[in-house]
Protein chains: 2
Amino acid sequence: MSDTNNIDKIGQLLRQGGMSVTEKRVQILHLFFAQPGNALRHADIEQQLGSMDRVTIYRTLHTFLEKGLLHTIPNADGTAMYALCKDECHEGHHHDDHVHFLCSQCGVTICLDGIVVPQVKLPQGYAARQMEMVISGTCQTCNI
Amino acid sequence: MSDTNNIDKIGQLLRQGGMSVTEKRVQILHLFFAQPGNALRHADIEQQLGSMDRVTIYRTLHTFLEKGLLHTIPNADGTAMYALCKDECHEGHHHDDHVHFLCSQCGVTICLDGIVVPQVKLPQGYAARQMEMVISGTCQTCNI
DNA sequence: CGCATTTTTGCAACGTTGTTGCGAATTTAA
DNA sequence: TTAAATTCGCAACAACGTTGCAAAAATGCG
């Protein structure tokens with residue numbers, strides 16, 4: 001996918017979600033589209049966009065979460081990770097039922113979009129609403 | 001299990017792991033044995049033990065993690081949760097392959113020791129070392 | 001038991017992550 | 001182009017977690 005195509009798509013996505021199209025939002029969303037499937041932390045974005053204010057990044061990530069553009073990935077180390085949602089996600093109604101993979105060698109977090117979280121039978125009395133599965137190990141690149 | 005039995009067991013566990021038996025360690029470990037299966041956050045412990053120093057709690061939790069008495073549960077809200085390990089866990093070699101349940105109503109986190117994380121087939125090139133599965137919804141008590 | 005050594009604890013200070021309020025700048029709509 | 005609404009940057013704050021160091025407690029040994 002070409003860079004200009006991404007930029008067109010980004011403006012469209014923002015307008016579709018009822019958000020105004022600002023420079024900062026485009027910059028942040030562009031980072032996610034540059035490496036689809038890869039999750040980013042606040043610190044990654046801050047580093048790559050150098051001059052952008054910390055608070056703006058936090059607020060933008062929250063906005064994207066609310067509007068269903070991003071989803072979070074639970075992380076043992078306590079820092080929030082964000083990744084692009086697929087088209088089926090809408091405002092307040094996520095479908096991120098895929099497995100996440102965390103490489104313990106290079107640290108990258110990847111959405112395994114093709115792999116759905118398997119069902120489990122809960123004990124009597126428990127009702128499931130959401131399931132999260134994170135597998136850690138070594139990724140394609142680090143395994144060579 | 002009676003309270004005195006717990007206290008005996010706690011001293012034994014600490015000595016077995018090569019730790020000295022101190023008042024603070026006994027107090028913290030006792031909290032976990034009081035509600036087996038339930039996970040605790042640093043803040044829970046601080047609240048229940050009122051006078052204990054924050055730093056001592058952090059350091060004790062780390063020690064118990066290292067020695068294989070506790071394991072962590074990844075948590076979307078960013079705060080670390082800790083729960084007792086089963087007997088099969090040893091220093092540096094955890095077997096916490098059970099599913100964790102997080103009640104979104106009362107906030108409690110429970111180890112579902114009977115339910116093992118199901119295997120998933122990863123794409124070519126990925127090697128799994130650890131799997132985490134957290135299901136959120138409503139628990140037994142809140143579902144009545 | 002009493003004493004020396006090792007370990008643990010509490011305090012203070014610091015770092016990181018994330019949030020809130022508010023005025024200035026930007027975007028949008030008319 | 002201009003007015004209203006939204007977003008951005010700065011400052012200040014709060015929560016969570018870590019580190020260094022001196023006092024206190026636990027352990028080991030004669």
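In what follows, every chain begins at residue 1, and chains take the letters A, B, ... in the order their sequences are listed. As a basis for the values below, the full set of heavy atoms in this structure was taken, side chains included, without hydrogen atoms, waters or symmetry mates.
The distance between atom CG of B:L14 and atom C1' of D:dA25, rounded to the nearest whole Å, is 15 Å. Atom pair A:I28:CD1 and D:dC8:C1' shows a separation of 11 Å (rounding to whole Å applied). When the P atom of C:dG10 is taken as reference, atom CD of B:E46 falls 12 Å away, rounded to whole Å. One interatomic measurement links the two molecules: CE of B:M19 to C1' of C:dT9, which rounds to 17 Å at whole-angstrom precision. In this structure, the NE2 atom of B:H42 is 19 Å from the P atom of C:dT17, given to the nearest Å.
Backbone-only engagement by B:A80 is indicated by non-hydrogen atom pairs under 4.0 Å involving sugar-phosphate atoms exclusively. Within 4.0 Å (heavy atoms only), A:R25 reaches sugar-phosphate atoms of the nucleic acid but no base atom.
Nearer to the 5' terminus of DNA chain D, by closest-nucleotide assignment, is the contact made by A:R54 (compared with the other of A:R54 and B:T79). Mapped onto DNA chain C by nearest heavy atom, B:T56 and A:R15 fall at different nucleotides, with B:T56 at the one closer to the 5' end.
Heavy-atom minimum distance, B:G107 versus B:L102: O-CD1, 3.9 Å.
Ranking D:dC10, D:dC16, C:dT9 by closeness to the B:R59 side chain, first place goes to C:dT9.
Listed pair B:S20 / C:dT8 meets the phosphate criterion, a side-chain N or O lying under 4.0 Å from OP1 or OP2. Within the structure, a side-chain polar atom (N or O) of B:K24 is placed less than 4.0 Å from OP1 or OP2 of C:dG10.
Taking the six-membered ring wherever Trp is involved, the centroid distance between the rings of A:F101 and B:Y126 falls below 6.0 Å.
B:Q119 CD: 12 or fewer foreign heavy atoms inside a 6.0 Å radius.
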